[in-house]
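These notes concern the structure reproduced below.
Here, residue 1 is the first one in the sequence, and each next residue gets the next number. Owing to the predicted nature of the structure, the values given are computational and were not obtained by experimental measurement.
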Amino acid sequence: MQDPRIVDEVRHRLDIVDVVAQYVPLKRQGGRYVGLCPFHSEKTPSFSVSGEKQVFHCFGCGVHGDVFSFVMLRENLSFPEVLRKLAEQAGVTLPEKELTPAQREARSLVERGYALHQRAAELFFQCLREDARARVAREYFHRRGLQDSVIIAFSLGFAPPGWDFLYRRLLAEGYRVDELERFGLAVRRPEGEGAYDRFRDRVMFPIHDVRGRVIGFGGRVLDDTVPKYLNSPETALFKKGQQLYGLHKAGPAIRQKGLALLVEGYMDVIACHQYGIPQAVATLGTALTADQGRLLLRYASQVVIGYDSDKAGMEATVKAGRILVPLGAQVKVISLPDGKDPDEYLQKHGTDAFWRIMDSACSFFEFRYRQEAAQHDGAQVDGKVALVRALAPDILMMRSPVEQEATIHWLARQLYLAPNTIESELRGIARNGAEMGHKKGISRQTIPEHATVSSEASPAAAKGPDGASRLEQAWRYLIHWMTDDGERVRWLEQRLGDQFPPASPEIQTIVQAMQRAAGERSGSLTMAVTDQLAASPAGAYYSSLLLTDWGSPDEATVEDCVNILRYAWMLSEIERLELEIAVRSQQGDLDTVRHILPQLTSLQQARNRAARIYGAMPLGTRWNQRLWHKGGTTDER
């Protein structure tokens with residue numbers, strides 16, 4: 001627990017107006033400052049900051065709080081992370097907790113790693129500027145149209161030919177061979193002693209984290225040597241699936257414009273920045289990951305994908321869109337003519353032409369429609385069916401029911417169909433996601449937990465097994481599994497403890513009846529439950545479950561269903577805490593808010609870990625992974 005005196009000291013030394021102004025352009029208006037709210041889209045300023053009271057409030061969306069809660073919300077950080085960030089800004093030294101020898105060694109290793117990478121970047125940069133062997137690299141950058149200012153801004157460099165340029169220099173400065181090897185800058189020789197440079201005869205692109213620290217490198221050859229691009233290996237500092245190239249430069253511009261441009265390569269990012277489009281970032285040689293998507297959405301909810309127009313680029317665009325849309329992003333896609341990438345297009349046509357293309361970007365769904373329409377004739381019946389089925393994942397993954405309904409109506413107009421006809425088809429596809437995946441080669445992960453198709457896609461529980469949400473499916477399977485076995489009922493009570501999630505009235509009535517019957521420990525549990533529900537609307541629902549063929553109970557699926565229940569409880573608890581924080585803030589009870597915020601942050605972090613895999617797929621469609629509540633994750637699958 002943080003010392004309240006330290007928190008108060010940081011708050012006393014900082015002016016909330018100065019902190020907020022780092023993220024939001026503010027204009028003085030009487031005794032307060034106003035600007036456009038960074039938490040929702042608006043054209044007329046409704047966001048207000050009081051320097052006198054050291055609080056902020058948006059009269060549009062209602063978000064409010066102090067300097068700590070502002071940074072927590074704006075950067076999606078936990079309270080300890082925000083405290084460290086603001087303490088450093090305020091010049092307050094935080095007391096260090098007592099570390100074990102192993103923890104001290106790990107921290108020292110990380111600090112050495114940052115220093116090592118920074119020094120390596122300086123040496124590569126110095127080599128590019130001064131070494132005669134780097135003439136070919138200087139010519140390459142200038143031939144690609146890069147100005148000296150942007151080369152300096154991105155700390156570009158050159159690793160000369162030979163085997164030990166970096167190795168010898170860093171050893172001479174006191175670094176050890178094992179450190180160079182551990183952080184991927186050197187490779188130990190298979191025979192004999194010592195090591196050799198990983199990066200040789202390549203132009204070098206330092207990779208920075210969001211705080212601007214060098215954590216890795218990308219190197220490109222200038223001839224036909226393979227591989228063409230070589231990245232640092234994964235280390236304690238560098239996880240390529242969790243970083244975005246150029247974000248340390250692009251972050252402020254993305255926040256200011258509320259828009260990010262996602263491109264493919266280092267040179268695309270650098271060219272965009274040089275030509276006055278500083279919102280550009282890139283993945284690091286791999287397809288976009290969910291971690292990278294969430295990182296990008298900390299800065300803006302709108303993302304324009306500007307990948308290459310070749311086949312590989314189009315496939316990468318689909319993958320990126322299907323990660324970003326379920327995360328809540330508003331995704332658009334640009335298509336550059338003649339198959340050019342952003343770097344080539346900017347050099348030939350300039351900034352204004354590129355912005356015109358950005359302004360005319362189509363939505364991700366329209367992009368997908370054009371792709372599929374090129375393969376299927378929408379004027380024919382079989383073409384209409386194929387189009388709807390191909391586009392189903394892209395509709396089902398939308399988080400906003402409004403966006404989903406508008407998209408269905410748009411598609412209906414294109415295909416000359418009634419919207420409810422498409423909705424009916426989508427409901428069938430959602431219920432049979434596994435079959436759809438088999439037929440179309442689409443993973444179940446393209447149909448996330450929140451997928452709905454109008455209000456009819458989430459029917460009341462009394463409608464029976466068809467069309468149920470994943471939470472309701474999990475409850476149904478567990479009820480089936482517990483039927484006539486009181487020990488299983490008591491087992492579920494122990495596993496969930498006080499983490500029972502919300503349920504439909506019918507499900508809640510059935511579960512309570514099963515708990516009562518299990519507590520009596522006599523007679524048939526099924527009959528006892530049936531008797532209790534005889535006069536209840538849940539009776540027919542329970543009977544329908546008893547008559548459903550669920551197959552043989554499966555231990556792994558039971559565990560998946562328990563995970564889904566815990567995940568649902570977590571979401572409801574987060575909602576409860578957010579509401580309490582809003583009420584307490586309105587009442588001015590900031591002490592209670594500060595007490596609740598760490599609980600909320602902890603749950604939000606657990607939710608984010610769980611959301612990487614959408615909990616666990618129910619009813620026997622399990623992925624091969626560790627359970628999320630035991631630390632399981634899913635990266636690229």
Would you indicate whether E105, at its atom CD, is surrounded by more than 12 heavy atoms from other residues, nucleotides or ligands within a distance under 6.0 Å? no
Step by step, would you call F68 with F79 a ring pair (Phe, Tyr, Trp, His ring centres under 6.0 Å)? CA-CA 7 Å; F68 292 102; F79 183 80; 5.4 Å; yes
Evaluate side chain to side chain contact (heavy atoms under 4.5 Å, CB included) for V304 paired with K332, printing each intermediate quantity in order. CA-CA 5 Å; V304 176; K332 293 187 175 183; 4.3 Å; yes
Do L83 and L94 make a side-chain contact, defined as non-hydrogen atoms from C-beta onward lying under 4.5 Å apart? yes
Would you say NE2 of H142 has more than 12 non-hydrogen atoms from neighbouring residues, nucleotides or ligands within 6.0 angstrom? yes
CZ-CG distance between R138 and D148, expressed to the nearest 0.5 angstrom: 10.5 Å
Is any side-chain N of the basic residue among D209 and R211 closer than 4.0 Å to the acidic one's carboxylate O? no
Is there a donor-acceptor pair closer than 3.5 Å between any side-chain N or O of Q274 and the backbone N or O of Q147? yes
Salt bridge (charged side-chain N to carboxylate O under 4.0 Å, His left out) assessment of D8 paired with R11: CA-CA 5 Å; D8 289 340; R11 184 183 292 107; 2.9 Å; yes
Which atom names give the shortest non-hydrogen contact between Q279 and A250, and what distance separates them? C-CB, 4.0 Å
Could you tell me if D343 and Q347 have a donor-acceptor pair between their side chains, going purely by distance under 3.5 Å? yes
Other residues, nucleotides, ligands: >12 heavy atoms within 6.0 Å of R104 CZ: yes
Indicate yes or no for a side-chain donor-acceptor contact from H273 to the backbone of V150 under 3.5 Å, with no hydrogens or angles considered. no
Quick one: are D201 and P160 in side-chain contact, heavy atoms under 4.5 Å? no
Ignoring hydrogens and angles, tell me if any N or O in the side chain of D291 forms a donor-acceptor pair with the backbone of G241 under 3.5 Å. no
Under the 3.5 angstrom rule, does the side chain of S232 hit a backbone N or O of F217 as a donor-acceptor pair? yes
Between K85 and E81 (salt bridge meaning N to carboxylate O under 4.0 Å), is one present in this structure? no
Would you indicate whether the side-chain heavy atoms of C362 and R370 approach each other to under 4.5 Å? yes
Nearest heavy atoms of F125 and I151, plus distance in Å: CE1-O, 4.4 Å
Is the backbone of L336 close enough, under 3.5 Å, to the side chain of S309 for a donor and an acceptor to pair up by distance? yes
Working to the nearest 0.5 Å, report the span between CD of E130 and CZ of F158. 14.0 Å
Kindly compute the distance separating CD1 (I357) from OH (Y345), expressed to the nearest 0.5 Å. 3.5 Å
Considering only NZ, NE, NH1 and NH2 on the basic side and carboxylate oxygens on the acidic side, decide whether E122 and R119 come within less than 4.0 Å. yes
Is the closest basic N to carboxylate O distance between R135 and E139 below 4.0 Å? yes
Decide yes or no on side chain to side chain contact (heavy atoms under 4.5 Å, CB included) for Y299 and L247, but give the supporting numbers first. CA-CA 10 Å; Y299 294 80; L247 186 57; 3.8 Å; yes
Can you give me the closest heavy-atom contact between D308 and E264, atom names plus distance? N-OE2, 2.7 Å
Let me confirm one number: the CG-CZ distance from L116 to R182, rounded to the nearest 0.5 Å. 10.5 Å
Taking the side chain from D131 and the backbone from R133, do they hold a donor-acceptor pair closer than 3.5 Å? yes
Working note: F183 + F238, criterion ring pair (Phe, Tyr, Trp, His ring centres under 6.0 Å); need CA distance, chi angles, decisive distance, verdict. CA-CA 9 Å; F183 289 105; F238 179 56; over 10 Å; no
State whether the side chain of D310 and the backbone N or O of G313 hold a donor-acceptor pair below 3.5 Å, judged by distance alone. yes
Can you check whether R84 reaches P80 side chain to side chain, under 4.5 Å on heavy atoms? yes
pair Y307-V333: side-chain heavy atoms closer than 4.5 Å: no
Pair R368-Q371, side-chain donor/acceptor within less than 3.5 Å: yes
Contact check, side chains of I215 and Y114, non-hydrogen atoms, under 4.5 Å: yes
Heavy-atom distance under 4.5 Å between the side chains of F354 and I334, does that happen here? yes
For L259 against A300, the heavy-atom pair lying closest together: N-CB, 3.6 Å
Please check if the side chain of S602 supplies one atom and the backbone of Q599 the other of a donor-acceptor pair under 3.5 Å. no
Tell me whether K239 at atom NZ has more than 12 heavy atoms from other residues, nucleotides or ligands lying less than 6.0 Å away. yes
Nearest atoms (heavy-atom pairs only) where L297 meets A329: CD2-CB, 3.6 Å
Flag the pair R594 and D66 as a salt bridge only when some basic side-chain nitrogen lies within less than 4.0 angstrom of an acidic carboxylate oxygen. yes
Can E315 and K319 be said to form a salt bridge (charged side-chain N to carboxylate O under 4.0 Å, His left out), step by step? CA-CA 6 Å; E315 290 176 352; K319 291 179 180 178; 5.8 Å; no
Between Y245 and H208, is the ring pair (Phe, Tyr, Trp, His ring centres under 6.0 Å) condition met? List the steps. CA-CA 7 Å; Y245 181 74; H208 300 76; 7.7 Å; no
Derivation of the side chain to side chain contact (heavy atoms under 4.5 Å, CB included) call for V92 and R13: CA-CA 9 Å; V92 175; R13 292 198 185 189; 3.7 Å; yes
Quick check for you: to the nearest 0.5 Å, what is the distance between R294 atom CZ and I323 atom CD1? 9.0 Å
Would you check, one step at a time, whether the test side chain to side chain contact (heavy atoms under 4.5 Å, CB included) holds for V303 with L261? CA-CA 6 Å; V303 180; L261 172 62; over 6 Å; no
What pair of heavy atoms forms the shortest contact from P342 to G306, and how long is it? CG-O, 3.5 Å
For residues 216-231, which residue pairs qualify under side chain to side chain donor-acceptor pair (under 3.5 Å), counting only residues two or more places apart or in two chains? Y140-R220, R220-Y229, D223-T225, N231-Y266
What's the spacing between L185 CG and Y175 OH if we round to 0.5 Å? 10.5 Å
Does a side-chain heavy-atom distance below 4.5 Å link Q242 with T289? no
Determine, step by step, whether D15 and Q54 satisfy the side chain to side chain donor-acceptor pair (under 3.5 Å) criterion, reporting the C-alpha distance in whole Å, the side-chain angles of both residues, the deciding distance to 0.1 Å, and the verdict. CA-CA 7 Å; D15 185 344; Q54 291 295 297; 3.1 Å; yes
Taking the six-membered ring where the residue is Trp, are the ring centres of F47 and F56 under 6.0 Å apart? yes
Tell me whether the count of non-hydrogen atoms from other residues, nucleotides or ligands lying under 6.0 Å of CD in E88 goes above 12. no
Between K240 and E234, is there a salt bridge with N-O shorter than 4.0 Å? no
For the pair R176 (side chain) and L171 (backbone), establish whether a donor and an acceptor sit closer than 3.5 Å, ignoring hydrogens and angles. no
